[in-house]
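The structure under discussion appears below in the form of structure tokens.
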Amino acid sequence: MMTTLMPVIRELIRKTNPLLEHELSAEFAKSRLYGTKFCADQVASMDFRTFARKRPPEEEPSIAVALRIDESASMSAFGRLDAAKQAAVALYEFCKGCGIPIMVYGDTADRSKLEQMSVYAYVDFESKDANEKYALMNIQARSNNRDGMALRIISDRLLNAPQKSKLIISISDGQPKAMPDYSGEKAAYDMKDTLQEFRRKGIQFLAAAIGQDKEAIRELYGAENTLDITDLKQLPARLVQVIARFM
């Protein structure tokens, strides 16, 4: 899988790293609690980060990324699971190549009466394990999906990252559905409430819709935050390009 993906990833890293070097060498870094330059345009944010200061040359890129993968049973159809794995590998290698913190989590629901919600941490941005990437091959289709709770867990984890920009990408082939009645309007309300709450806290959400419920996913996340992936072979490169756009 790496052999197939790496030529594209290396090219995107080559194009992105000069942008990061420019970011690191910028004269001032905004949104600081203290500094030597007052930024009037930051006052409206009400977070008291109204100063700018010189950015040290060793400062890391200002974005942290989380990839959430829907591990519902339907992901086993039409090559969706393989596409999700390839996307996870591509994003991991791209982010590592650019020094961007990344976490990759999968989730499912209702594996048993005692295991109503299951979250799998394949890669975590605080891990020091050089071999953690091999865990991405354990991504698999399992049972149902309780998206609202999964996004809450991942969002809470991502909030601990010190980077100013925080992006969660969700790969899913269907709308939320779990036992006993987590579907339809109830699931949609929970999802929209979750997205609204964490957007207020500074997290950006992007959905990659790869199944039959693309319209429902677009309704939940908003059209401007949804990628309609018709050709699954394009998924890895599309997501890497999205990360570069958010930096």
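Every heavy atom of this structure was used, including side-chain atoms; hydrogens, water molecules and symmetry mates were not.
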Self-check item: Trace of the side chain to side chain contact (heavy atoms under 4.5 Å, CB included) decision for K85 with M1
Solution: CA-CA 9 Å; K85 285 184 179 181; M1 189 181 294; 4.2 Å; yes
Quiz item: Any salt bridge between D193 and R152, counting N to O under 4.0 Å?
Solution: yes
Quiz item: Are V65 and L227 joined in one hydrophobic group, where the rule is that I, L, V, M, F, W and Y side chains link up if heavy atoms are under 4.5 Å apart?
Solution: yes
Quiz item: So do the side chains of I171 and L67 get within less than 4.5 Å of each other, counting heavy atoms only?
Solution: yes
Exercise. Give the cluster check for L239 versus L136: same hydrophobic cluster or not, with ILVMFWY residues linked at side-chain heavy-atom distances below 4.5 Å.
Key: yes
Quiz item: Any chance the side chains of E115 and S112 put a donor and an acceptor closer than 3.5 Å?
Solution: no
Exercise. Can you see which heavy atom on P176 is nearest to which on L220, and at what distance?
Key: CD-CD1, 3.8 Å
Quiz prompt | Heavy-atom side-chain contact between E197 and I203 under 4.5 Å | solution = no
Quiz item: Taking all atoms of both residues into account, what is the closest heavy-atom pair of T108 and S143, and its distance?
Solution: OG1-N, 3.0 Å
Quiz item: Do you know the tightest heavy-atom contact between V123 and Y105?
Solution: O-CE1, 3.7 Å
Quiz prompt | For the student: nearest non-hydrogen atoms of A208 and I229, plus distance | solution = CB-CG1, 4.4 Å
Quiz item: Side chains of Y182 and Q116: closer than 4.5 Å at any heavy-atom pair?
Solution: no
Quiz item: Measuring from D173:CG to D70:CG, what's the distance to the nearest 0.5 Å?
Solution: 5.5 Å
Quiz item: Can you check whether Q163's main-chain N or O pairs, donor with acceptor, with K166's side chain at less than 3.5 Å?
Solution: yes
Quiz item: So does M149 have more than 12 non-hydrogen atoms from other groups sitting under 6.0 Å from CE?
Solution: no
Quiz item: Measuring from S172:OG to K214:NZ, what's the distance to the nearest 0.5 Å?
Solution: 12.0 Å
Quiz item: Heavy-atom distance under 4.5 Å between the side chains of D156 and I154, does that happen here?
Solution: no
Quiz item: In Å and rounded to the nearest 0.5 Å, what is the OG1 to CD1 distance from T194 to I153?
Solution: 10.5 Å
Quiz prompt | Side-chain heavy atoms of N138 within contact of Y120, under 4.5 Å | solution = no
Quiz item: Can you find a heavy atom in the side chain of D181 that is under 4.5 Å from one in the side chain of K186?
Solution: yes
Exercise. Kindly check if the number of other-residue, nucleotide or ligand heavy atoms within 6.0 Å of CD (E185) is above 12?
Key: no
Quiz item: Under 4.5 Å between side-chain heavy atoms, hopping through other hydrophobics if needed: is there a path connecting F198 to F125?
Solution: yes
Quiz item: Looking at E215 and R218, does any basic side-chain N land under 4.0 Å from a carboxylate oxygen?
Solution: yes
Quiz item: Are K192 and E219 close enough for a salt bridge, meaning some N to O gap below 4.0 Å?
Solution: yes
Self-check item: hydrophobic_cluster_shared for V119 and L159, side chain cutoff 4.5 Å
Solution: yes
Quiz item: To the nearest 0.5 Å, how far apart are CG in L158 and CD in Q204?
Solution: 10.5 Å
Quiz item: If you draw a 6.0 Å radius around NZ in K177, do more than 12 non-hydrogen atoms from other residues or ligands fall strictly inside?
Solution: no
Quiz item: Distance under 6.0 Å and angle within 45° of the ring axis: does R10 meet both against F94?
Solution: no
Quiz item: By salt bridge (Lys or Arg N to Asp or Glu O under 4.0 Å), which residues pair with D129, not counting sequence neighbours?
Solution: none
Exercise. Flag the pair V89 / K133 as yes when at least one side-chain heavy-atom distance between them is below 4.5 Å, and no otherwise.
Key: no
Quiz item: R80 and I210: which non-hydrogen atoms are nearest, and at how many Å?
Solution: NE-O, 3.6 Å
Quiz item: Salt-bridged, D124 to R157, with N to O below 4.0 Å?
Solution: yes
Quiz prompt | M6 reachable from M137 in the ILVMFWY side-chain graph, under 4.5 Å edges | solution = yes
Exercise. For the pair N144 and S72, evaluate side chain to side chain contact (heavy atoms under 4.5 Å, CB included) and give the outcome as yes or no after the intermediate values.
Key: CA-CA 5 Å; N144 292 331; S72 58; 5.9 Å; no
Quiz item: At their closest point, which heavy atom of A73 faces which heavy atom of A141, and how far apart are they?
Solution: O-CB, 3.7 Å
Exercise. Would you kindly say whether S127 and E132 are connected by a side-chain donor-acceptor distance under 3.5 Å?
Key: yes
Quiz item: Do L195 and Y221 have side chains that get closer than 4.5 Å, going by heavy atoms?
Solution: yes
Quiz item: Between R146 and D190, is the closest basic N to carboxylate O distance under 4.0 Å?
Solution: no
Quiz prompt | Spacing of Q86 atom CD and L91 atom CG [to the nearest 0.5 Å] | solution = 12.0 Å
Practice problem: Tell me, please, which residues at least two apart from R68 pass salt bridge (Lys or Arg N to Asp or Glu O under 4.0 Å). | Solution: D107, D147
Exercise. Determine, stepwise, if the pair S170 / L206 fulfils side chain to side chain contact (heavy atoms under 4.5 Å, CB included).
Key: CA-CA 6 Å; S170 174; L206 184 71; over 6 Å; no
Quiz item: Distance from S74 atom OG to L81 atom CG, nearest 0.5 Å?
Solution: 10.5 Å
Practice problem: Could you give me the CA-CA distance, side-chain angles and deciding distance for M103 and Y122, then say whether side chain to side chain contact (heavy atoms under 4.5 Å, CB included) is met? | Solution: CA-CA 8 Å; M103 50 188 283; Y122 297 109; over 6 Å; no
